[in-house]
Amino acid sequence: MSEEALPFGEKYYPSLEEYKNLYARSVEDIESFWDERARELVWIKHWDQVLDESQPPFYRWFKGGVTNINLNALDRWIGTPYENKVAYHWEGEPGDRRTITYSELYREVNRFAWALREIVGVKPGDTVTIYLPMIPELPISMLAVTRIGGIHSVVFSGFSAWALADRILDARAKVLITADGFYRRGRVVELKKEADTALRIVAEKGFKVEKVVVVRRAGVDISWSEGINMWYHDLVKEAPEKAYVKPEPRKSDDVLFILYTSGTTGKPKGIMHSVGGYMTYVYNVFKWNWDPKPEDVFWTAADIGWITGHTYIVYGPLMHGETQIMYEGAPDYPKPDRIWAMIEKYGVTVFYTSPTLLRLLRKYGDNWVESHDLSSLRLLGTVGEPINPEVWRWYYTKVGGGKAPIVDTWWQTETGAAMISPAPGLALVPLKPGSATLPLPGIVADVLTADGRPAKPGEKGLLVVRRPWPGMLMGIWGDPDRYVKTYWSRFSRPEEGVWIYYPADYALRDEDGYFWLLGRADEVINVAGHRIGTIELEDAILAHPAVSEAAVVGGPDPVKGEVPVAFVVLREGYEPTPKLEEEVREVVRRLVGPIAVPSRIIFVEKLPKTRSGKIMRRIMIALLKGGEIGDTSTLEDPSAVEAVKKALAQS
Ligand code: WTA
């Protein structure tokens, strides 16, 4: 941890000391700090109160304010030189391309918004589930829904029908927007088929989605239900050529969108973000993170189905008039240099992605990256998990040519945008490979020990946030108790009026005050940068009739960081066979999705449990990683440890 700080950019940016002064001023009075920041944006009506703390932890930002995020992401560019600027350079996996300027984006959003309101019947406050691949109609749909005051719930197109059905049901979605199919590794993924299955599951549970809008992307045959299915292109054609839909005035503390993320139970959590708070936070953090310039070509290589895409492909960049790259397919298709070739072709200036993608691309060897001219890059970023210092160095030297600082951003679906990260738009602090550096302005982060005492420098503890921030989640859709329990009960002392946000991440702060994030502290694993709840996978595995018990833990993986490893106990009368193993994988693929399929299935006779019946996953983790098993005094049956050891040796 005593990494020598690398001195970047002093030539261009103010010093660490200046950053620390600026930060100190920001947290002295967060209300006036955010009040000024929010005034940089377009509002229909300004707020009466910056932060309403009357019902903690249900904090509300810019109370009384009225706006619509379209005003800042789209309408503000119309009638300015940005109108003809490219918003998205889109590239399909097969190599087909589309270029969409701000005025074209504006026109298309207006027409689709018109159709959604006038033909499909979406009203303010309705939820619309969007299950689309990485095609321009995805950001267009999100903007069209928020323009008319609807709430979008984007579901990652890699999720299965069952996962989609859960999310449609929980959100009570009135409308679903999907596509016929899309390209992945040279093949067509038939998305509409999954969507149809999801709708059947939903119908069996007594719920009906009123309309399904289908985008034609892959041109494959699909089944069609008359009166319910509608083609996207027909709808847009019906809208007047110059349709203008006035952005629906929304209260600052209305819900802008829901995005589901994994938690420690099988049921995904619908994270709700607010209209005014999210908009303000994302606008400012984007500026601090990337120091946007009019000539930028900005690329977040992630999927819009995750929060990273919501914030850094849709709302953040559009609010800054950035030109972006959007790519449909696999990052290493048809060859491992697809990403590098695209950076060169489009002259990308800022590139932001996950460590897992970097590890994958690095594995192919340096020739692939070295054969491209990447000198246009001025900033690099990472998100989603801790970056190993060796990968950091590779990224810095091979990709950035030793001149592009790395912006390592720590944040979560729940936080809206980055919370701890360098801020080259303000001042570039010296970087340390593997550290997300310092909290952003307005963010009061700290590290506590398990018993709630402030951790000493260098002491591992749990990350917390002590003051609300505008990008914070408003709550969990339909489950206020779970919101309080999950995020605000670990360290808060309500009787003293002390509320502390708990992200469930291990961290330490070094002597210079730099934060080092050390992985999840709950039963969530991080597979290739995607949050997956182990309980969700266990529930899926238990759906197989041969399985009596299952425990899923994160095993180490050189590329993906972590991979799910499943320990499975079979019911009487079943024997472990390769066929059964494949069936267990299949059940996870079907119920959760391909990203969650366990890399190893280990059949065991019994699982180590506490006397109160809680599965001791840490024992399996220790045996997998070869670490200390630690205290086993609460084990109900010590021979279970031997059983796991034996099974591991045989598998
Ligand atoms: C992890 C992704 C270390 C962390 C934006 C967090 C990170 C979870 C970093 C959120 C980082 C994210 N360094 N760990 N720079 N960024 N994480 O909700 O465990 O998909 O709690 O949001 O990813 O994952 P989520």
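Computed from a prediction, not measured in an experiment: that's the story for all the values here. Sequence positions, counted from 1, serve as the residue numbers for this chain. Both ligands and their constituent atoms are indexed starting at 1 by order of listing.
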For V383, counting its heavy atoms only, list the atoms of ligand 1 lying under 4.0 Å from any of them.
5 (C)

Check step by step if salt bridge (charged side-chain N to carboxylate O under 4.0 Å, His left out) holds for D332 and R338.
CA-CA 6 Å; D332 51 354; R338 181 70 185 256; over 6 Å; no

Working note: Y352 + W290, criterion ring pair (Phe, Tyr, Trp, His ring centres under 6.0 Å); need CA distance, chi angles, decisive distance, verdict.
CA-CA 10 Å; Y352 183 37; W290 313 116; 4.7 Å; yes

With a cut-off of 4.0 Å, which atoms of ligand 1 are near a heavy atom of D408?
11 (C), 15 (N)

Quick one: nearest non-hydrogen protein atom to atom 10 (C) of ligand 1, plus distance?
W411 O, 3.5 Å

May I ask you to decide whether E385 forms a salt bridge with R531, counting only side-chain N to carboxylate O separations under 4.0 Å?
no

Looking at ligand 1, is there an atom of it that comes within less than 4.0 Å of some heavy atom belonging to W410?
yes

Between H273 and Y278, how do the two ring planes meet: parallel, tilted or perpendicular, split at 30° and 60°?
tilted

Describe, in one word, how the ring planes of F156 and W306 are oriented to each other, choosing from parallel (under 30°), tilted (30 to 60°) and perpendicular (over 60°).
tilted

Tell me which protein heavy atom sits closest to atom 4 (C) of ligand 1, plus the residue, atom name and distance to 0.1 Å.
D505 OD2, 2.8 Å

Which atoms of ligand 1 sit under 4.0 Å from any heavy atom of I307?
5 (C), 22 (O)

Numbered in order shown, the ligand 1 atoms found under 4.0 Å of a heavy atom of P386 are 3 (C), 13 (N), 14 (N)

Heavy-atom contacts with N526 under 4.0 Å: which atoms of ligand 1 show up? List them by number with element.
1 (C), 23 (O)

Can you name the atoms of ligand 1, numbered from 1 with element, that are less than 4.0 Å from a heavy atom of T413?
18 (O), 20 (O), 22 (O), 25 (P)

Evaluating non-hydrogen atoms only, which member of M419, E385, R520 is closest to atom 8 (C) of ligand 1?
R520

Atom indices of ligand 1, in the order listed, that fall short of 4.0 Å to a heavy atom of R531
10 (C), 18 (O), 20 (O), 24 (O), 25 (P)

Between F257 and Y315, how do the two ring planes meet: parallel, tilted or perpendicular, split at 30° and 60°?
parallel

Got a second to check how far T449's OG1 is from K460's NZ, nearest 0.5 Å?
13.0 Å

Between Y487 and Y483, what is the ring plane arrangement, given parallel below 30°, perpendicular above 60°, and tilted in between?
tilted

For atom 23 (O) of ligand 1, what is the nearest protein heavy atom, given as residue, atom name and distance?
G384 O, 3.2 Å

